[in-house]
Amino acid sequence: MQGTTAFTALAASVGGHPDATDPGGFVGLLAHWAWLIPVVPLVAVGLIVLIGKRLPFRGWELAEAALAFVGLYGTALLIANWVEPLAFERHIEVARLGALPGVGSLALEWGWVVDGLSIMLYFVVGVVGFFVFTYSKGYMKGDERFTWFFAAFSLFAGGMLVLVSSPNTIQLIVGWELVGLASYLLIAHWWEDPANVVAGNKAFLVNKIADVGLFFGVIIAAVAVGSFRFTDLLDAVAAGNSALAEVGFWVGLALFIGAMGKSAQWPFHVWLPDAMAGPTPVSSLMHAATMVTAGVYLLGRMFPFYQAEGFGAGLKPMILVIGALTLFLGGLLALVQDDIKKVLAYSTVSQLGYMTAAMGAGAYTAGLFHLFTHAFFKGLLFLAAGSVIHAVGSNNLSDMGGLRRKMPATFWTFVIGSLSLAGIVPLAGFWSKDEILASLLYDSQHGGGGLATFVLVLALAGAFVTAFYMARAVYLAFFGTYKGATHPHESPRVMTYPLIGLAGLAAVGGLVNIPGAFTPFTEWLAARVHLPGDHHAAALHLGLAAAGTAVALLGIALGTFLFGRDRATQQERDRFRVPGLYPLLEHKYYMDDLYDYGIVRPVRGPLARAVNWSNDYLLDGLVNGVGMTARRLASLVYGGFDQRGIDLGINAAAAATGEAGGALRRVQTGKVQQYAAALFLGAVLLVVGFLIFG
């Protein structure tokens, strides 16, 4: 049924039109007005900048209200989609590119999409963002740029919502870049420390390199299909469009490179741990609901493309391998970190690898279900880590210990988040990680062969590593005796209440997708115009679930054995090392050194000098030469042509006119009698002339 809202009429008048189901009633109102979801946080940005400092809470209340609105709206859409599957799009034409050879004109449109995939992210960004924004009021108290922080933070959330709501690739790029800009501003928030500026630059530049792939993919796909819309692109896949099939592999590769950068896949992972330089609430929202989830979201939106033979299906083994390397190698790096936030950062790299590997295995639901649960327990873990940092005044585990009695709310919520991340039943992480393992097993038995089996083994090994490094973090931070120099205490309620809320979601959030028993999440996610068509487990695979739980418990047991006993110093307590492996991990596989010596230094060294020389002697020489030639030509024109030519002629004419005027002036006597006599004489002469010659 056609909606009847005022905005529907406005959209129709400027070229908007529904492209999928167009529901009526209250659900129709929700779908038609969903454009407010990305707009409200962006409006809040402007209001915070303009009037934030004059408000009682210096702009925080505007940011908090915006995320509360998004959370409530996302929850309403989630419930509506549960009752009846919802797939709605609207496009409003903004401009049109001129006729292109072989393509015709391309419409530049703005719009929004309301389907299972976008609704899930609306809910996650809104709910997790609300908790994080609430927590930030306490964490950022006293910061000299408090108001600016919440303006940039609202831009961060708003940019992600623009990305998620995008029904076309151009709008997706706008959201993609807004998120990148906001992350740069937030990572370098404390810019007085040069290290923070370097971290912000690193995150920005690594992502810009990967974004080149996204841009190429968008352009090639639009030229092949004649449209920027996702629906048109996926329609072309369903119809077997030959023009798109010819470039399908390159489109898929280019888009995946863009996704690798945002979701920190190997080897673009190097920016994410350094991004911990920003305030901890930024790390929480970035790892839970914005920025790093964008790449996985793009793979989910384009999932039918990557499943279709002759289009993106040839890239599935690559996606699977990149995800597998990321989940295992990234997890190992968490073993040697002293900074508690970097432990969690490398954990995020690893978990993003699980999501990507699931997409490579054709497991749309499993990969996005892990994104869903990961948002709760990773957002919780970062906020709990921030609570510890707030109390201790240090990020380092070597300055912690014995905090479980001093900070009981932080301790118990951190433990719940850690157990959920480790995949302990019945917490949320168990259900989503188990579904990924089941999907990898299914893929190994139905076409994936040895590669999928190898990735399954790596995923199980990654589960062991995850449990081990989280056990280490829990024991070093909360058990034994306190090793710091301050007097830690529990954080204020404005910080602990969000911890409790997220802990509840991290505990029960996975119960919405129990294979064979209760699977509303699968039904939510399947509501879209182009059905994903992925495999769903008919029941819980008890053997695989037992194996995943066993390796996680083994990791916790080993962590307890190695780090549970207290020592005089944290360094003695944390003395476990694997010869050969740990030095490699401490140098981060020498990846930063490789980039530094292979790219950064050549760019800053010989290449920079060459560019500077060409600028000084070639470009500047050319510009200066042109300038000197123009100056001399101007002097010639001014002195010779203008002064001695034009001006001389004009001055001579003026002088002659003046002389003539002076001569004529003598004729004017001012005596009326003389004028009358002259007039009479002239008349007589005229009469005589006519008589003689007439």
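What you see below is based on every heavy atom in this structure, not just the backbone, and it leaves out hydrogens, waters and symmetry mates.
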* Lys433 NZ/CZ over Tyr354 ring centroid, <6.0 Å and within 45° of normal -> yes
* To do: Answer yes or no for Lys208 and Phe204: cation-pi contact, defined as NZ/CZ to six-membered ring centre under 6.0 Å and angle to ring axis within 45°.
  => yes
For residues 443-462, tabulate all N or O donor-acceptor pairs below 3.5 Å that involve a side-chain atom, not counting sequence neighbours.
{"residue": "Ser444", "atom": "OG", "partner": "Leu441", "partner atom": "O", "Å": "2.6"}
{"residue": "His446", "atom": "ND1", "partner": "Tyr442", "partner atom": "O", "Å": "2.9"}
{"residue": "Thr453", "atom": "OG1", "partner": "Gly449", "partner atom": "O", "Å": "3.1"}

* To do: Can you label the angle between the Phe88 ring and the His32 ring as parallel, tilted or perpendicular, going by 30° and 60°?
  => perpendicular
* Asked: Once the angle between the rings of Phe369 and Phe521 is folded into 0 to 90°, is it parallel (under 30°), tilted (30 to 60°) or perpendicular (over 60°)?
  -> tilted
Restricting to side chain to side chain contact (heavy atoms under 4.5 Å, CB included), what partner residues turn up for [X], sequence neighbours left out?
X	result
Leu42	Leu155, Val162
Pro167	Glu89, His91, Val113, Gln171
Ser439	Ala363, Ala366, Glu435
Val212	Phe216

* Asked: Would a line drawn from the ring center of Tyr73 to the ring center of Tyr122 be shorter than 6.0 Å?
  -> no
Going by side-chain hydrogen bond (donor to acceptor under 3.5 Å, both in side chains), name the residues that satisfy it together with [X], two or more places apart in sequence or in a different chain.
X	answer
Ser284	none
Tyr364	Arg528
Trp431	none
Asn81	none

* Dump the intermediate steps for side-chain contact (heavy atoms from CB on, under 4.5 Å) on Ser183 and Phe156, then the final yes or no. => CA-CA 7 Å; Ser183 69; Phe156 200 27; 4.0 Å; yes
* To do: Please collect all side chain to side chain donor-acceptor pair (under 3.5 Å) contacts where either partner lies in residues 234-262, sequence neighbours excluded, each pair once.
  => Asp235-His530
* Would you say the side-chain atoms of Asp534 and Thr365 include a donor-acceptor pair closer than 3.5 Å? -> yes
Would you give me the side-chain donor-acceptor pairs under 3.5 Å for residues 264-278, sequence neighbours excluded?
{"residue": "Gln265", "atom": "OE1", "partner": "Thr326", "partner atom": "OG1", "Å": "3.4"}
{"residue": "Gln265", "atom": "OE1", "partner": "Thr356", "partner atom": "OG1", "Å": "3.2"}
{"residue": "Gln265", "atom": "NE2", "partner": "Ser263", "partner atom": "O", "Å": "3.0"}
{"residue": "Trp271", "atom": "NE1", "partner": "Gly261", "partner atom": "O", "Å": "3.0"}
{"residue": "Trp271", "atom": "NE1", "partner": "Phe268", "partner atom": "O", "Å": "3.4"}
{"residue": "Asp274", "atom": "OD2", "partner": "Lys202", "partner atom": "NZ", "Å": "3.1"}

Could you pull out all donor-acceptor pairs under 3.5 Å where a side-chain atom in residues 288-305 meets a protein atom, sequence neighbours excluded?
{"residue": "Thr290", "atom": "OG1", "partner": "Leu285", "partner atom": "O", "Å": "3.0"}
{"residue": "Tyr297", "atom": "OH", "partner": "Val164", "partner atom": "O", "Å": "2.8"}
{"residue": "Tyr297", "atom": "OH", "partner": "Arg301", "partner atom": "NE", "Å": "3.3"}
{"residue": "Tyr297", "atom": "OH", "partner": "Arg301", "partner atom": "NH2", "Å": "3.0"}
{"residue": "Arg301", "atom": "NH1", "partner": "Asp115", "partner atom": "OD2", "Å": "2.7"}
{"residue": "Arg301", "atom": "NH2", "partner": "Asp115", "partner atom": "OD1", "Å": "3.2"}

* Roughly how far, to the nearest 0.5 Å, is the CD1 atom of Ile37 from the CG atom of Leu161? -> 7.5 Å
* To do: Drop me the distance from Leu525's CG to Leu371's CG, to the nearest 0.5 angstrom.
  => 9.5 Å
* **Phe311 and Phe249, any side-chain heavy atoms less than 4.5 Å apart** => no
